[in-house]
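Worksheet for the structure shown next.
Each chain gets a letter, A, B and so on, in the order its sequence line appears, and its residues count up from 1.
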2 protein chains.
Amino acid sequence: MEMPHCDTCGSRHKSVFCSLSEQEVNNVDASKGCNIYDRGQVIFHEGNRTNGIYCINKGKIKLFQLGSEGKEQIIRFAKAGDIIGYRALLSEEPLSASAEAIEEAVVCFIPKAQVFSLITDNPNFNFKLLKTLSHELGEAAKIITDLAQKPVRERLAETLLMLKDTFELNEEKTIQVKLSREELANIVGTATESVIRLLSEFKKDEMIALEGRNIRLLNIPELTRVANIFD
Amino acid sequence: MEMPHCDTCGSRHKSVFCSLSEQEVNNVDASKGCNIYDRGQVIFHEGNRTNGIYCINKGKIKLFQLGSEGKEQIIRFAKAGDIIGYRALLSEEPLSASAEAIEEAVVCFIPKAQVFSLITDNPNFNFKLLKTLSHELGEAAKIITDLAQKPVRERLAETLLMLKDTFELNEEKTIQVKLSREELANIVGTATESVIRLLSEFKKDEMIALEGRNIRLLNIPELTRVANIFD
DNA sequence: TTAAAAACATGAATTTTATCATGTTTTTAT
DNA sequence: ATAAAAACATGATAAAATTCATGTTTTTAA
C-alpha cells in the first residue's frame, strides 16, 4: 500500500487537525502508521486498550457495542477526516465500542505520545478535541431521549435523515452508504423485521424508493414530519 | 446566603479542580458567584446559551431533556463536586439539557473567561476536562445500547444500581436520593405505571423495600442479575 | 456455475408495554 | 386543620413491537 500523507490529505482541513503547523503535520506523518481495511474488517475491538487514535483517510466505518444478547448496537459512523478511538485514549478506559469498515477504508494510527504532545503544545488542537467530545456528548443525549421516547417508526425516519446528513445524497437522492436491514435495525434499536416492514411502508407512501441496499429519499419534508423533528 | 469558598470546599479535591494552585483557586473564588436553589428550582434551561460552568457545592441536581411530547428524559445527575453546563460551553452550542435541583442545592457559577484561562494555563485541569467528557461519552454509549436492547424490567433494575453508585446507600441500605415514580420512569424510559408495577414486583421478590420514596436495596446480587450486567 | 448461506420479505401469533379508568394515599398550600 | 392537588397503585384494555414460521431473492464461496 502507498502510505497517504497528512500533507496531501484532503480531509485534514475540515478535521480536528486543521490547525496543525507544517512542523506538526510532519511530526504526525513521521509517527503514524496506515492500514487498508476491506469491508467487514475490524479496526479495533471493544474492551481492548488503545495506544493512540485512528484517523480515517478514506472509507466508512461503523462503531458499535455488543449488547448483552450479543446484538450489535451501532453508536455512530466515521468517515474521511473523522477520528475514532480518542474517547478511550483520553479517558484511559478500555475501548467502549468496536470499529468495523463498512466499505474499503484507509485508516491511519497516530500514537498516544504524538496526540498528547499536540494537546499540550497546540491550544487550537486541544480546543478542537474538547469541542468534538462536547458535541458528541450532546448528540448522544439526543439519541438517548429519542430511544427512550419515540416509537420505532419515528426513529427509523430519523435514522434515514441522519444517514443523509452524515453520508449525503447523490444526484438520484440516494443515501451514499450501503447498510443491511439488520444494520439499520441496529441503529434504530429494533428488530430487523420491523425495519423491513417500515421501509416497505415508507416506500408505499412514496417517501423513499428502494433498490437493493440503496435508499433514495424522495420526500424529505414528509420524512422529517414522520421523524417528529422540530428543530 | 454565605458565599462558600473553593478553598474550604470539601469536594474540590475529588473534582475536576483538584489540581488547581492556590493562586488559581483564589482567582476562581474571586470571579465566581453562588446561589441557593430549593427543590424544584431550575438552574438553567435547555436551549439557552451559557457563559460559564456551574459547580455543585452542595445538593443534588437532575439534568434532563424535553422530548417531543413534552416528556422529561433524565440524562444524568450531578452532586457536590460535579460540574454542569461545560458541554454547552465547550461545544459553543446551546445547553442540551435543563438542570433542576432535586433537593436544596448550593451551586457556584464560574465565568467562561476563568474556565478558558484554566484550560490554557493548567494542563492538569485540561486533561481532567478531557477525561470527564470522554468518560461521560462512554457512559452515554452504554445507556444507548441498554435503551435500544434491554426490556423495561432490566433497565429499572439497572437504574436502581446506578442510583446506588451515584448517591450511595445509608446504613439501612436506602438509596440516598428521593425520586418520584415519574422521575424514575423518566430515567428508565418507560411509563410511570410500569415503574410502579415493577417496583411492586421487586418488592414482592424481596429485592427491595419501599417506604414512600425511599428505596432500600435488600438483594443487590439479584438486582444485578435482573439488570443483566456482566461487567 | 452452482450449491449453500445470508439477506430480504411477509403473515400470524405472542409478548411487551402503554394507555385508560378508577380509587387510594400522600403532599401541598391556604 | 383541611381542602385541593399531586402522586401512588392496580386492573382492564389497547397498541406497539417482537418472535416465529415460511418462502423468496440475493450474495458468497467452492
Side-chain angles (χ1 to χ4, degrees), chain A residues 38-41 62 67-74 100 102-104 146-159 177-205 208-215 226 228, chain B residues 38-41 62 67-74 100 102-104 146-159 177-205 208-215 226 228:
Chain A
D38 288 331
R39 172 177 160 70
Q41 278 197 293
K62 68 172 174 184
S68 40
E69 318 287 87
K71 189 181 171 180
E72 276 184 17
Q73 181 63 35
I74 296 179
E100 187 182 311
I102 53 175
E103 63 175 46
E104 192 182 88
D146 285 347
L147 279 170
Q149 299 194 3
K150 286 187 180 175
V152 172
R153 186 185 165 86
E154 294 184 23
R155 299 209 305 272
L156 178 59
E158 197 163 21
T159 294
V177 67
K178 286 189 181 187
L179 297 171
S180 67
R181 306 296 192 250
E182 188 179 6
E183 283 172 318
L184 286 170
N186 294 343
I187 308 169
V188 173
T190 189
T192 306
E193 294 95 323
S194 298
V195 166
I196 292 171
R197 263 182 264 272
L198 289 167
L199 284 179
S200 299
E201 278 184 39
F202 290 174
K203 182 183 173 182
K204 186 162 59 67
D205 297 344
I208 65 172
L210 297 170
E211 287 134 15
R213 289 188 180 176
N214 285 321
I215 301 175
V226 171
N228 205 355
Chain B
D38 288 332
R39 172 177 160 71
Q41 278 198 292
K62 67 172 173 184
S68 39
E69 317 287 85
K71 188 180 172 180
E72 277 185 15
Q73 181 63 35
I74 296 179
E100 187 182 311
I102 53 175
E103 62 176 46
E104 193 184 88
D146 284 347
L147 279 169
Q149 300 194 2
K150 287 186 180 175
V152 172
R153 186 184 164 85
E154 295 184 22
R155 300 210 303 272
L156 178 59
E158 196 163 23
T159 294
V177 67
K178 285 188 181 188
L179 298 170
S180 67
R181 305 296 191 252
E182 188 179 5
E183 284 172 316
L184 286 171
N186 294 344
I187 307 169
V188 173
T190 189
T192 306
E193 294 96 323
S194 297
V195 165
I196 291 170
R197 262 182 263 272
L198 288 166
L199 284 179
S200 299
E201 278 185 39
F202 289 175
K203 183 184 172 182
K204 186 161 59 66
D205 297 345
I208 64 171
L210 297 169
E211 287 133 16
R213 289 187 180 176
N214 285 322
I215 301 176
V226 171
N228 206 354

Original post:
Nearest-Å distance, CZ (B:F202) to C1' (D:dC8)?
Top reply: 17 Å
**OP:** Considering just the side-chain nitrogens and oxygens of A:R181, establish if one lies under 4.0 Å of OP1 or OP2 belonging to C:dA6.
**Re:** no
Original post:
If only atom types and distance count, is the side chain of A:E104 paired as donor or acceptor with the main-chain N or O of A:D38 below 3.5 Å?
Top reply: no
Original post:
Taking CG from A:N186 and C1' from D:dT18, how many angstroms apart are they, rounded to a whole number?
Top reply: 14 Å
Original post:
Is there a side-chain polar atom (N or O) of B:S200 under 4.0 Å from OP1 or OP2 of D:dA9?
Top reply: no
Original post:
Does B:R197 place a side-chain N or O at less than 4.0 Å from the phosphate oxygens OP1/OP2 of D:dT10?
Top reply: no
**OP:** Report yes or no: does B:Q149 contribute a side-chain atom to a donor-acceptor pair with the main-chain N or O of A:E72 at less than 3.5 Å?
**Re:** yes
Subject >> Euclidean distance, atom NZ of residue B:K178 to atom C1' of D:dA7 [Å, nearest integer] >> reply: 14 Å
Original post:
Just wondering, are more than 12 heavy atoms of other shown residues or ligands nearer than 6.0 Å to NZ in B:K178?
Top reply: no
Original post:
With nearest nucleotides of DNA chain C determined for B:G212 and B:A191 from heavy-atom distances, which residue corresponds to the more 5′ nucleotide?
Top reply: B:A191
**OP:** Take the protein atom CD of A:E69 and the nucleotide atom P of C:dT16, then report the distance between them rounded to whole Å.
**Re:** 12 Å
Subject >> Value in whole Å for how far the P atom of D:dT27 lies from CG of A:D38 >> reply: 18 Å
Original post:
What integer distance in Å separates B:L210:CG from C:dT25:P?
Top reply: 16 Å
Original post:
Does a nitrogen or oxygen in the side chain of B:T190 sit under 4.0 Å from OP1 or OP2 of C:dA18?
Top reply: yes
Original post:
Hey, is the side chain of A:E193 pairing donor to acceptor with the base of C:dC8 inside 3.5 Å?
Top reply: no
**OP:** Quickly work out the A:L184 CG to C:dA9 C1' distance and round it to whole Å.
**Re:** 15 Å
Subject >> A:V152 side chain, from C-beta outward: closest of D:dA17, C:dT17, C:dC8 >> reply: D:dA17
Original post:
In whole angstrom, what separates B:I196's CD1 from C:dA18's C1'?
Top reply: 13 Å
Original post:
If only side-chain N and O atoms of A:S194 are considered, is one of them under 4.0 Å from the OP1 or OP2 phosphate oxygen of D:dA17?
Top reply: no
**OP:** Could you tell me whether the side chain of B:R155 and the main chain of B:V188 form a donor-acceptor pair under 3.5 Å?
**Re:** yes
Original post:
Between A:R213 and B:E182, who's closer to the 5' end of DNA chain D by nearest nucleotide?
Top reply: B:E182
Original post:
Is a donor on one side and an acceptor on the other found under 3.5 Å between the side chain of A:E183 and the backbone of A:S180?
Top reply: yes
